[in-house]
Amino acid sequence: MTVSTQGHSDGNVDPREVQRFAEIAETWWDPNGPFRPLHKIGPARLSFIRNALARHYQRDSGGVRILDGLKILDVGCGGGLICEPLARLGAQVTGIDPAEESISAAEVHANINGLDIDYRAARIEQIASSEERFDAVMCLEVVEHVPDPAAFISLCATALKPGGLMIASTLNRTLKSFALAIVAAEYVLGWVDRGTHRWDRFVTPDELQSALENAGLTDVRFEGVVYNPLEDRWSTAADTDVNYMAAALKPHAT
C-alpha cells in the first residue's frame, strides 16, 4: 500500500484522476455510458450496505425506509449513484466529491427526482477538520484512486461518530484482478476506458484491514462482489479475489 503523498501538491488527491472523472461527468447517469459497470454493480453494493447498516443499527432489512434518522456521508460520491438509493431509504445523505462537474450532475439528477441530498464539491479533509460527524461513512471505489489509502481511511474514520459504521468497496491486488478488472474490462470488453485503473493501487483485504484498524476501527467484515457473465449480473459472495466490500465499526470511547 502506498503511504506517501510526497510530490502530490493537492494533498491526498490525484489531480489526474479528478480531471478524468470531471471530463465524463455528464455521463454519470447513462446506464450504457462510461459508468455502466457502476450501474450494473450498484444493486450488489446496495445490498451489502443495507444489510450492514440494518444489522448494525438493528433495523428491519426489508423495511422501506430502514435508514430513517441516519446521517450518511458518501465520500467520492461522483454523480450520486449510491446517494440517491440511500436517500430513498430514508437517510439524510451528504455527498462530497472534488470534481465540481460530478457534483453538478448529481444535483441536477437529484432535483429531477425530488430528492433532498446535500451535495458539496469538497474533500474529506474539509469534513474531518470540521465538527460534522456521521452515523455512517461510505467510500466506494475510491481508495484505489488516491495516492495514500491509509491516510484517506483515517480521515474517513474521523468523520464517523463513535458507534458509527464505515463501509468501503475496492479492488483486490491479485493476478485475477489484473486479468479481469484491467485486461478484460478495459482492453477486451471495453467496459471502462483504458487507463481507468492502476493495478499497483489496488488494495488487498489485509492492507485495508490494517488501515481500518490503524484508524481505530474494529469488527472488520469482508464480502466479495462477483460477476456472473451468463446472467450479466453482480452479486455478493465469499470470493474477494477481485471486487470486495468491507464494513468496520468505530467503537465508543472507553
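Remember, it's a predicted structure, so these values are computed and weren't measured experimentally.
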As an exercise, state the distance from [atom1] of [X] to [atom2] of [Y], rounded to the nearest 0.5 Å.
X    : Y    : atom1 : atom2 : answer
S235 : E223 : OG    : CD    : 9.5 Å
T94  : Q92  : OG1   : CD    : 6.5 Å
R221 : M245 : CZ    : CE    : 14.0 Å
S104 : E26  : OG    : CD    : 12.0 Å
F48  : L53  : CZ    : CG    : 9.5 Å
R88  : L46  : CZ    : CG    : 10.5 Å

| request: I would like to know whether Y244 and T236 meet side chain to side chain contact (heavy atoms under 4.5 Å, CB included); could you show each step before the answer? | output: CA-CA 8 Å; Y244 68 96; T236 55; over 6 Å; no
task: Please name all residues satisfying salt bridge (Lys or Arg N to Asp or Glu O under 4.0 Å) with E132, sequence neighbours left out, ordered by chain then number.
output: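 Salt bridge (Lys or Arg N to Asp or Glu O under 4.0 Å) check on E132 returns R120.
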What is the minimum heavy-atom distance between [X] and [Y], and which atoms define it?
X    : Y    : answer
C139 : F152 : CB-CE2, 3.7 Å
A215 : S154 : CB-CA, 3.8 Å
Q126 : A122 : OE1-CA, 3.3 Å
G224 : T240 : N-CG2, 3.6 Å
L212 : A246 : CD1-CB, 4.5 Å
I66  : R59  : O-NH1, 2.6 Å

Show, in sequence, the C-alpha distance, side-chain angles and deciding distance for D239 and K176, and conclude whether the side chain to side chain contact (heavy atoms under 4.5 Å, CB included) test is met. CA-CA 11 Å; D239 183 356; K176 185 175 178 181; 2.9 Å; yes
Got [X] and [Y] here, is their nearest side-chain heavy-atom distance under 4.5 Å?
X    : Y    : value
R50  : L67  : no
W28  : L38  : yes
M138 : C156 : no

Do [X] and [Y] share a hydrophobic cluster (ILVMFWY, side-chain heavy atoms under 4.5 Å, transitive)?
X    : Y    : result
V220 : L155 : yes
V226 : F222 : no
F35  : W29  : yes

Pair listing, ring pair (Phe, Tyr, Trp, His ring centres under 6.0 Å) test, anchored in [range], at least two apart:
range           : result
residues 61-81  : none
residues 67-87  : none
residues 55-101 : none

- Query: Does A44 offer a backbone N or O that forms a donor-acceptor pair with the side chain of R233 under 3.5 Å?
  - Reply: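 Judged by distance alone, no pair lies under 3.5 Å.
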Worksheet entry | N228 (side chain) donor-acceptor with L230 (main chain) under 3.5 angstrom |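 Indeed, once roles are kept as given, a pair shorter than 3.5 Å links the two residues.
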- Task: Would you please test N172 and V242 for side chain to side chain contact (heavy atoms under 4.5 Å, CB included) and show each step?
- Result: CA-CA 5 Å; N172 196 351; V242 183; 6.0 Å; no
message = Looking only at side-chain N and O atoms, does N243 offer a donor or acceptor that is under 3.5 Å from a partner on Y227?
response =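 Their side chains do not contain a donor-acceptor pair, so the 3.5 Å distance test is not met.
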Review item, side-chain donor-acceptor pairs of residues 71-87, under 3.5 Å, at least two apart:
from, atom 1, to, atom 2, distance (Å)
E84, OE1, H109, ND1, 3.3
E84, OE2, H109, ND1, 2.7
E84, OE2, A110, N, 3.4

Identify every side-chain donor-acceptor pair in residues 159-169 under 3.5 Å, counting partners at least two apart or on other chains, and give the distances.
from, atom 1, to, atom 2, distance (Å)
K161, NZ, D135, OD1, 3.4
S169, OG, E141, N, 3.2
S169, OG, E141, OE2, 2.7

[X] atom [atom1], over 12 foreign heavy atoms within 6.0 Å:
X    : atom1 : result
E100 : CD    : no
Q209 : CD    : yes
D60  : CG    : yes

I127 vs F134, side chain to side chain contact (heavy atoms under 4.5 Å, CB included): CA-CA, chis, key distance, verdict: CA-CA 10 Å; I127 302 295; F134 297 82; 3.8 Å; yes
Apply the test salt bridge (charged side-chain N to carboxylate O under 4.0 Å, His left out) to residues E207 and R173: give CA-CA distance (whole Å), side-chain angles for both, the deciding distance (0.1 Å), then the verdict. CA-CA 10 Å; E207 290 170 340; R173 193 175 64 256; 2.8 Å; yes
